[in-house]
Number of protein chains: 2
Amino acid sequence: MSVFTTVTPEQLAAWLRNYSLGTLVKLEGIAAGIENTNYFVTTTQGRYVLTLFEKLQAHELPFYMNLMTHLARHGIPSPQPVADLSDGVLNELNGKPAAILTCVPGADLKDVDANHCETIGALLARMHLAGQSYTMRMQNPRGPHWWQAALPQVTPFLDEHASAMLKAEVNFQVNCIQPELPRGAIHADLFRDNVLWDSERVGGVIDFYFACTDTFLYDVAITVNDWCFTPAPALDNVRAKALLTAYHSVRPFTAAEHACWPQMLRAAALRFWLSRLYDFHLPRPGALVHAKDPAYFQRMLEQYIARAVELRPMLA
Amino acid sequence: MSVFTTVTPEQLAAWLRNYSLGTLVKLEGIAAGIENTNYFVTTTQGRYVLTLFEKLQAHELPFYMNLMTHLARHGIPSPQPVADLSDGVLNELNGKPAAILTCVPGADLKDVDANHCETIGALLARMHLAGQSYTMRMQNPRGPHWWQAALPQVTPFLDEHASAMLKAEVNFQVNCIQPELPRGAIHADLFRDNVLWDSERVGGVIDFYFACTDTFLYDVAITVNDWCFTPAPALDNVRAKALLTAYHSVRPFTAAEHACWPQMLRAAALRFWLSRLYDFHLPRPGALVHAKDPAYFQRMLEQYIARAVELRPMLA
């Protein structure tokens, strides 16, 4: 569960007096989420999500808050931070940085088909285009610098094969000479559980707390690696084609992006293999969550390296 | 009907390429509204309202657009202008200034009871508080200056009693010495048909195109004059009490506001009597709408002047 910091209805009712959201009707802890404390908040006006930031610092939060505001303003269905009477969206509650955001409608999907992938591909491209006028910048906290820092911390826990493979892949990626690729604000974690569906339409994209400034193609690769793979993992070509064609119809891929695609799929698989290894072998003190299986992304990466999946034609 | 400027699906689809709203699914003209051309627009992302401004000029629009954005950001259920890929919310379409806004849910009420008035009173106070951090200013275009300008234009159409009463009331109002009253952004037209209800909750406040910077109490008086009167018109004390008590619980009335309340109710009745007379006797060329009955607000004003309704205790 993910209520790390308890908030009572009395505390929240007092805190809400600094907002124009009406009065508190109901307060319920949210079980999902591993980084922050989240509550559903119902007021006389509507339903919101209260987030207390457990790990991120107050100075890091404006990038995320302003990005969500910016994207929502452009029609991307993301939560919108609500401003208080002083026109700020960040406050403190029970000693933690806290914000209240609109509650986007919908639920995550259990079964993904090609139509969903088509919707996600177009939505991701729209997010990238909408984000191009966003002026704040944030270095990717899980980029090549982090890979190199995490590598020696996790290899002691790995067998020889995995350790050699991981070292070789980090080495391959950090030494890649990449052409200039289109870049801007990316979600960087657009997994199935971060997209809520309101019947066949996306009601909301959530969990922007890995968002950063990086190449759009990397975001596409992260998204394909989740939405277009079976649990084996095995690439579902029909889904991948649907996602990439829809993306391309909104923001056409450049020649440089075509050339980098196979490497980018590997980079996206590496990033989650490495972070899952890290969370599995080096859990944060007090972490209450079962770490996810790192081997899934290892197997995906093995397929990419062996070219067991047809990579380059996917973008065509 | 209120489609003064026709937009074809082909024109709109091309225009929408400058936004991140997905592709056009459906376009329907909206019959309501007397000032602008409005269409419901359905895209693959959701439902929006396209507005082409027929009377307001492009330079006047930022006040309204930014006010709606500001209020929505504070949790007030108002339409939100959607930004285009250049991050602007105003464009041109078929030669008119145009914007696309989120579509707020709900429908206007046929029967108003005290519970609705309580909700509206609290909402209006929340709007006033939320608007206090709004920095743009707009003089009331239907304030005392306009009353004085419109007076000689409409009196030729009136009988002697009405003409004398109107002159006396304008004279009374412009010579009132008013203490400093709390002021800020006001809606100035919060009639029943501008509030959409999503069951018992307000889904949206619409039609901000009379919004301006003026005293909050004037906005309260306009609202009471619509929500708390029977068609006679006769004041419904239960509804008025509910609205004012709820407002007061969110933003307490000051002593100066108590003192000015009777005069403000008269000012609010005068403003709509005068504007309805103007629209009735001096319709704009090409106006397609039946002007509303001016006599309703004349009768209301007569009651206020005669103190046939108990005014001052209403705020207590």
Side-chain angles (χ1 to χ4, degrees), chain A residues 16-23 25 41-48 65 68-78 80-89 100-102 105 118-119 122-135 198 200-205 246 249-251, chain B residues 16-23 25 41-48 65 68-78 80-89 100-102 105 118-119 122-135 198 200-205 246 249-251:
Chain A
L16 283 175
R17 274 185 219 118
N18 193 32
Y19 289 81
S20 304
L21 289 172
T23 50
V25 174
V41 173
T42 307
T43 74
T44 46
Q45 181 53 55
R47 202 152 184 252
Y48 304 89
M65 295 291 130
M68 286 186 272
T69 300
H70 180 90
L71 292 177
R73 174 176 146 79
H74 284 255
I76 305 299
S78 65
Q80 291 183 264
V82 178
D84 64 21
L85 295 179
S86 316
D87 213 22
V89 297
I100 187 162
L101 297 97
T102 58
E118 187 184 329
T119 300
L123 178 61
L124 185 62
R126 287 168 45 210
M127 272 177 65
H128 290 166
L129 288 182
Q132 285 193 302
S133 52
Y134 185 59
T135 53
D198 194 11
E200 290 304 294
R201 183 176 286 169
V202 174
V205 173
S249 74
V250 178
R251 192 190 70 81
Chain B
L16 283 175
R17 276 185 217 117
N18 193 31
Y19 289 81
S20 305
L21 288 172
T23 51
V25 175
V41 174
T42 308
T43 73
T44 45
Q45 180 54 56
R47 202 152 182 252
Y48 304 89
M65 295 293 130
M68 285 186 272
T69 300
H70 180 91
L71 291 176
R73 176 175 143 79
H74 284 254
I76 304 300
S78 67
Q80 290 184 266
V82 178
D84 65 20
L85 296 180
S86 316
D87 212 22
V89 297
I100 187 161
L101 298 97
T102 57
E118 186 183 330
T119 300
L123 178 61
L124 185 61
R126 286 168 45 210
M127 272 178 65
H128 290 166
L129 289 182
Q132 285 193 303
S133 51
Y134 185 59
T135 53
D198 194 11
E200 292 303 295
R201 183 177 286 173
V202 174
V205 174
S249 74
V250 178
R251 191 190 70 81

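Each chain gets a letter, A, B and so on, in the order the sequences are listed, and its residues count up from 1.
- Interface remark: of the candidates A/Thr102, A/Leu71, A/Leu21, A/Leu21 forms the most heavy-atom pairs closer than 4.5 Å to chain B.
- Residue A/Ala122: no heavy atom, backbone or side chain, is found under 4.5 Å from chain B.
- Heavy atoms of A/Tyr134 lying under 4.5 Å from chain B are absent altogether.
- Contacts of A/Val89 with chain B are made by side-chain atoms alone, with heavy-atom separations under 4.5 Å and no backbone atom involved.
- In this structure, A/Leu129 CG and B/Asn18 CG are separated by 10.5 Å, a value rounded to the nearest 0.5 Å.
- Only the backbone of A/Thr43 has a heavy atom closer than 4.5 Å to any heavy atom of chain B.
- Of the atoms belonging to A/Gln45, heavy atoms from both backbone and side chain fall under 4.5 Å from chain B.
- Counting heavy-atom pairs under 4.5 Å between each of A/Ala125, A/Gly22, A/Gly203 and chain B puts A/Gly22 at the top.
- Summarising the geometry of B/Asp87 relative to A/Arg73, their closest heavy-atom pair is O-NH2, 2.8 Å, with the distance given to 0.1 Å.
- Minimum heavy-atom separation, B/Val82 to A/Gly75: CG1-N, 4.0 Å.
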request  = Test A/Leu85 against B/Ser133 for side-chain contact (heavy atoms from CB on, under 4.5 Å), laying out the working first.
outcome  = CA-CA 7 Å; A/Leu85 295 179; B/Ser133 51; over 6 Å; no
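- Checked by atom type and distance alone, the side chain of B/His74 pairs as donor or acceptor with a backbone atom of A/Asp84 at under 3.5 Å.
- Using a 4.5 Å cut-off between heavy atoms, A/Asp198 makes no contact with chain B at all.
- Per-residue heavy-atom pair counts under 4.5 Å with chain A were compared for B/Arg201, B/Arg17, B/Gln132, and the maximum is reached by B/Arg201.
- Only the side chain of A/Leu123 comes within contact range of chain B, with at least one heavy atom under 4.5 Å from a heavy atom of that chain.
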